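As structure tokens, the structure follows; a few thoughts come after it.
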Amino acid sequence: MKKDVKSIIAKYNKDETRLMDILIDIQDSLGFISPEAIDVISEDLNLSHVDVEQTISFYHFFSMTPLGKYNIYLNNSAVANMMGCAEVAKVFEEEAGSKFGEVSKDGQLGMFYTSCIGMNDQEPAAIINGMVFTRLTKFRAREIISDIKAGKNVEEMYVASYGDGANSNQLIKSVVSNNIRKIGPILSPKAEYGSALKKIIKLSPDEIIDEVKLSNIRGRGGAGFPTGLKWEFCRKAPGDRKYIFCNADEGEPGTFKDRVLLTERPKRLLEGMAIAGYAVGAEEGIIYLRYEYKYLEEYLENVIREAREANFLGKDICKKKGFNFDVRIQFGAGAYVCGEESALIESAEGKRGEPRDRPPFPVEKGYLNKPTIVNNVETLSSVTQIINNGGEWYRSFGTRESTGTKVLSVSGDCLHPGVYEVEWGFSVNDILDLVGTMGDVQAVQVGGPSGRCIAPYDFNRILGYEDLATGGSLIIIGKQRDLLKDIVLNFMDFFVEESCGSCTPCRSLSVIYRDKLKKILKGRGVQKDLDDMYAWRHIMKGNRCGLGQTALNPILTTLRNFPELYEARIQKNKTFDEGFDIHSALKDSFEITGRKSF
Amino acid sequence: MSKVLNFTIDGVICMAEKGQTILNAATANKIYIPTLCNLPGLKPRGSCRVCNVKVNGKFLTACTTPVAEGMEIENNSEDIIDIRKSIIELLLVEGNHYCPYCEKSGNCDLQAIAYKYNIPAPRFPYQFPDRDIEATNGKLLKDHNRCILCKRCIRGIKDEDGKSIFAFKRRGHKVIINIDTRLSANMTDEMAQEAMDICPVGAIIKKEIGFKVPIGERKYDKEPIGSDIEEIKATTI
């Protein structure tokens with residue numbers, strides 16, 4: 001064991017900033033990160049034990065105790081539940097004879113819940129030993145457990161044919177489907193690889209930035225910062241080295257469009273990264289890829305290799321002297337907050353994914369304290385097309401304030417969940433007509449849990465920075481759903497779980513709100529609970545990052561748009577209820593003492 | 001020569017050196033901004049959020065944000081006071097803080113700020129978390145009930161090689177301070193005392209000596225917190 005760990009550490013040159021890679025390799029090859037392994041890491045990297053543990057314990061997919069020979073990570077996010085995750089989970093537990101959240105006594109099988117794995121259009125879905133299983137049913141759950149008991153390889157457990165497009169590539173071989181339902185310029189298969197690069201080598205970096213600025217594109221991850229401006233800041237920032245990060249951490253529940261872009265148009269992304277590198281003067285690019293997408297690793301590595309061979313990455317790109325740019329993949333290990341750009345950088349440096357204080361901004365001091373650009377997969381892919389066709393062309397799509405197209409991830413109660421590239425300015429009603437609804441729609445969650453839940457009277461509103469800004473997640477919620485219990489509570493559990501724990505309001509107040517919602521759902525709520533939740537809504541503004549500032553949105557936006565749902569569940573005849581049930585609290589002691597409850 | 005910046009706090013004209021944080025500049029101008037996680041000499045981290053001020057309608061932590069020319073800072077407006085009170089109250093309910101038997105009572109920054117902000121009882125429900133007291137270390141007691149996760153010990157206490165003795169473990173509301181068993185075993189008495197002193201609350205207690213200074217004669221028993229900074233003698237807010 002010690003030898004294995006040592007050779008892994010040596011592979012990364014005993015570099016403490018590569019701690020994430022070291023831990024991922026140890027976890028993948030040895031099944032867990034043992035105290036002995038931590039000994040070796042801390043000795044070789046000259047860190048204390050607690051320093052290593054603070055990184056390990058931050059990430060969902062790391063474990064300091066042995067996992068199973070097989071490990072099932074079943075997504076239990078809101079849409080997975082809508083599609084029958086609970087039934088599947090029940091069968092898994094019954095057949096396996098063990099529970100979620102634990103490893104079976106014989107060490108064969110670990111079963112764990114996990115938040116959205118980017119498969120909302122094909123739920124219920126699970127990751128089993130790194131392979132994705134989609135559209136699970138009770139029958140499939142029985143089969144999988146029986147295969148596990150028979151000791152089959154995970155590859156042998158697939159029964160469906162491989163998914164469409166590159167999902168069936170020899171290096172992916174996955175049952176995941178793309179579900180591309182509407183193609184626009186960003187998803188379009190047209191445009192030859194390298195055409196944008198061949199164009200830019202004749203331009204100066206400033207001319208490229210001007211073109212991006214002309215297009216008026218804004219960051220597609222959700223925050224919507226003008227991309228051209230970000231690049232300009234980074235170009236102007238002094239630094240002997242600069243970095244281009246592609247944010248492929250797509251963790252917002254309900255988002256999966258980056259997975260499709262990475263599967264089908266990875267070259268367009270690599271090209272966009274190289275353009276960014278040329279524009280700001282960076283020679284290194286890093287794709288920060290969420291661990292849930294590890295099944296794409298070999299495929300993407302190969303695409304990168306091919307790009308080098310074609311001289312679209314590497315030295316003197318397109319024979320342009322001094323245009324050097326290369327890319328590597330950095331994996332995360334399960335933490336939603338790492339989608340926040342400064343947390344992503346911290347994580348890439350081998351640390352806990354805690355957002356940084358700003359200023360300084362990443363464009364001035366980012367990765368390894370050097371000027372750094374962090375752009376979403378879709379933003380960088382869009383840039384390639386902007387260079388290919390011009391900023392003016394890009395502006396012809398969308399609205400005045402929101403130019404271009406947006407790749408949406410649509411899931412939930414609809415006929416055709418999947419990926420839709422539409423122009424900004426589509427109304428929610430247009431989207432519903434496009435995807436086809438089943439029965440009455442109660443609500444649409446725009447922008448994932450950190451976005452907002454809107455009611456039918458708002459369905460005429462449009463998607464765009466001037467109205468409903470979104471990173472692209474749209475979850476359609478039918479009339480049959482218990483909105484507060486099935487959706488809002490699930491989202492609140494998510495934020496409680498995913499807070500990094502640094503800022504007081506985020507760490508603490510999200511728990512208090514979640515518990516108040518639970519109290520209301522139990523029928524113990526009173527008007528004061530609603531008043532409190534309304535009155536305390538500003539406190540989260542005091543948090544450092546976007547996660548903290550939006551972590552109460554599931555409750556706050558439904559309290560605003562669906563007040564009747566809350567009011568119907570509170571006790572009208574009471575002004576105070578502590579929410580504490582003494583009878584159930586004393587149940588055990590009554591049983592032991594043989595007394596009767598009063 | 002360093003450039004002098006002009007700015008205002010609640011309308012009072014102040015001056016700062018270029019690069020100075022809002023907090024340090026305010027202190028230099030004899031204006032008190034409450035802090036918990038900040039400690040002069042340590043790199044600021046902006047984690048407790050008590051020093052939130054408002055600039056251009058935005059909340060910013062005074063300990064991490066540098067002053068800019070012409071900045072108009074709100075330090076005493078209604079929403080700033082409310083957000084600070086909320087944070088103090090959240091810290092009080094998320095742990096188990098029982099002042100009457102705490103060794104740090106009277107020397108505790110959290111208690112002192114709660115008095116300063118006139119908080120008789122928190123608005124939030126008490127969480128009564130189930131937290132441990134670690135006594136395995138020879139020199140220190142770590143009482144997680146009282147820990148406010150300010151990271152002062154993480155940032156301030158290192159061994160002779162500069163390695164961390166304290167670190168965060170886990171995330172979200174499950175986060176705790178983790179003490180390195182090996183490194184903390186070699187702590188000297190002075191280091192243990194430093195760790196206790198650096199802790200703004202009673203979460204790190206040096207073993208063996210207790211209540212040496214009687215209650216009533218402690219730091220904040222005489223004057224409210226911030227009195228050493230404020231021009232006009234501090235009162236409760």
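The sequence lines fix the lettering, A, B, ..., with proteins before strands; numbering per chain opens at 1. Everything numeric here is computed off the predicted structure, so don't read it as measured data.
Contacts between Asn178(B) and chain A at a heavy-atom distance below 4.5 Å involve backbone atoms as well as side-chain atoms. Heavy-atom distances place no part of Ala535(A) under 4.5 Å from chain B, backbone and side chain included. Contacts of Ile87(B) with chain A are made by both backbone and side-chain atoms, with heavy-atom separations under 4.5 Å.
Residues that satisfy the ring pair (Phe, Tyr, Trp, His ring centres under 6.0 Å) test with Tyr59(A), not counting sequence neighbours, are Phe62(A).
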Worked check of side chain to side chain contact (heavy atoms under 4.5 Å, CB included) between Val50(B) and Thr504(A): CA-CA 9 Å; Val50(B) 165; Thr504(A) 310; over 6 Å; no
Would you please test Gln127(B) and Val511(A) for side chain to side chain contact (heavy atoms under 4.5 Å, CB included) and show each step? CA-CA 9 Å; Gln127(B) 302 294 295; Val511(A) 177; 3.8 Å; yes
Step by step, work out the side chain to side chain contact (heavy atoms under 4.5 Å, CB included) result for Val175(B) and Gln54(A). CA-CA 10 Å; Val175(B) 91; Gln54(A) 71 170 335; over 6 Å; no
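Considering every non-hydrogen atom in both Arg352(A) and Arg171(B), the closest pair reads NH2-CA, 4.1 Å.
Proximity to chain B at a heavy-atom threshold of 4.5 Å picks out Gly542(A), Asn543(A), Arg544(A) from residues 542-554 of chain A, in numerical order.
Among residues at least two apart or in separate chains, ring pair (Phe, Tyr, Trp, His ring centres under 6.0 Å) pairs with a member in residues 516-536 of chain A are Trp536(A)-Phe124(B). Within the structure, ring pair (Phe, Tyr, Trp, His ring centres under 6.0 Å) pairs that include any residue of residues 142-189 of chain B do not occur (at least two apart or interchain).
Between Arg182(B) and Asp39(A) there is a salt bridge, with a side-chain nitrogen of the basic residue lying less than 4.0 Å from a carboxylate oxygen of the acidic one.
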